[in-house]
Amino acid sequence: MLVILASCRQDVVVFPTETEQHGQAQDIEKTDSTGVKRKLVGFYLLNEANMGSNKSTLDYYDFTTATYTRNIYGEANPTVVKELGDVGNDLQIYGERLYAVINVSGKVEVMRANDCVRIGQVDVPNCRYLCFQEGYMYVTSYAGPVSLDASHAQIGYVAKVDTATLAIVDTCYVGYQPEEMAIVGNKLYVANSGGYLKPNYETTVSVVDLTTFRETHRIEVAPNLHRLRKDARGGLWVTSRGDYYTSGSRLYYIDTATDELTDSVMTAAANLCIVGDSLYLFGSDYNAETYETVVSYAIVNTKTRQIVTHHFITDGTEEKIRVPYGLMVNPVTRDVYITDARNYVTPGYLYCYSPEGELQWNVRTGDIPAHFALYWR
């Protein structure tokens, strides 16, 4: 019996820290709206990892030394069992803390932003994305179990968390399978996907009054919504993944003064990042009938709502990227960072491009590199 138990037992996987040199050391500073000069010292990258593998990891790139470090969480927290957990879904810094959404593990991991030492966690089932305002964290939740069975789908909600105590103080029910959020004034906007209801996807953005923390109305947009970002004028950009058959991925614009859908851009949009008046995106338009995926890299002017270019990668190296997944643009230097999930089960890659669209360097990451968080001091 002891021999059988020993042979069936699986050892706990330990992810060792690894450091490499890439790019050139940079001293990046920016004066904020209050006149305070801040230094951009680096960024964190959360690797999702394949569902069920319990291999979500955290990497860090230091601008000041041009060093890329893989798997920093385990070394910073040697006593934490199973390290980060299963499927990293979002990553943000608020104040002096780093927050990581670990979807299947049903938690938001809270760490010190300067060294990733664990502070605690907030338990939210099937949690998805974060946003912050005035000392509160808002977390979208699918509410029910992780399942593509429509009979298990539940109405999703947003959890309101006090960042000082890490206690959930309120919840607001929205649509099925809510995804990204954005705050404009006193309103919280939530993109509803209905991802578990295929082919009957949700098509709306929920509008929540932050004073009462209740949904007031919805804005009709398109099926299977995902990304939701605010531009410099308070307008909202939301992506639709479509239904993969009759409707494809598209980018839409919502006027928050009227809460009406007023424009759309005829381009696929899987991920996006807004810097100034430039909305960088890559589109990955998948057709379930032909099994083909068409990838594009574009920049949209958020003021004119017109496409500036369909090819912000200019040196032809986009052919190296098998599955574009994560996207970030440095707000000071305008360097562009794109991650490649490759085959979803082996380590991915991070590519750094100059503002002119030329490849500067690339590095191996964890499995399914996805979510960035800039670290300022």
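Sequential numbering from 1 along the given sequence is applied to the chain's residues.
- When the options Tyr337, Tyr375, Trp376 are evaluated for a ring-ring contact (aromatic ring centres under 6.0 Å, His included) with Phe43, the one that passes is Tyr337.
- Salt-bridge formation is not detected for the pair Lys303/Asp231: no Lys NZ or Arg NE/NH1/NH2 atom is positioned less than 4.0 Å from an Asp or Glu carboxylate oxygen.
- Here the side chain of Thr314 pairs a donor or acceptor atom with the backbone of Gly357 at under 3.5 angstrom.
- Here the two rings, on Phe312 and Tyr353, have centers that are 6.0 Å apart or farther.
- In this structure, Val104 and Met51 approach most closely via the heavy-atom pair CG2-CG, 3.8 Å.
- Defined by atom type and a distance below 3.5 Å, a donor-acceptor pair is present between the side-chain atoms of Thr346 and Asn343.
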Exercise for the section: Starting from the C-alpha separation in whole Å, work towards a yes-or-no answer on side-chain hydrogen bond (donor to acceptor under 3.5 Å, both in side chains) for Asp59 and Asn47. Expected result: CA-CA 8 Å; Asp59 298 348; Asn47 301 289; 3.2 Å; yes
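- Under the 3.5 Å distance criterion, the side-chain polar atoms of Thr365 are matched with a main-chain donor or acceptor of Gly348.
- Between the side chains of Asp315 and Thr317, at least one donor-acceptor pair of N or O atoms lies under 3.5 Å.
- The salt bridge (charged side-chain N to carboxylate O under 4.0 Å, His left out) with Lys39 is formed by just one residue from the set Asp62, Asp32, Asp27; it is Asp27.
- For the ring-ring contact (aromatic ring centres under 6.0 Å, His included) criterion with Tyr196, the lone passing option out of Tyr201, Tyr176, Tyr142 is Tyr142.
- A donor and an acceptor atom, one from each side chain of His371 and Glu48, are located under 3.5 Å apart.
- Put simply, the side chain of Gln177 never gets that close to the backbone of Gly175: no donor and acceptor are under 3.5 Å apart.
- Checking Thr302 against Arg233 by side-chain atom types alone, a donor-acceptor pair falls below 3.5 Å.
- The distance from atom CZ of Arg118 to atom CG of Leu98, rounded to the nearest 0.5 Å, is 12.5 Å.
- To the nearest 0.5 Å, atom CD of residue Gln21 and atom CD of residue Gln24 are 8.5 Å apart.
- In this structure a side-chain-to-backbone donor-acceptor pair under 3.5 Å is present from Asp340 to Val323.
- Neither Leu188 nor Tyr173 shares a network with the other; the hydrophobic side chains, linked directly or stepwise wherever heavy atoms of I, L, V, M, F, W or Y lie under 4.5 Å apart, form separate groups for each.
- Using modelled atom types, no side-chain atom of Ser249 and backbone atom of Gly242 make a donor-acceptor pair closer than 3.5 Å.
- Between Tyr138 and Phe213, the ring centre distance stays below 6.0 Å.
- Around atom CD of Glu220, more than 12 heavy atoms belonging to other residues, nucleotides or ligands sit under 6.0 Å away.
- Counting only distance, with no hydrogens or angles, the side chain of Asp255 and the backbone of Thr262 share no donor-acceptor pair below 3.5 Å.
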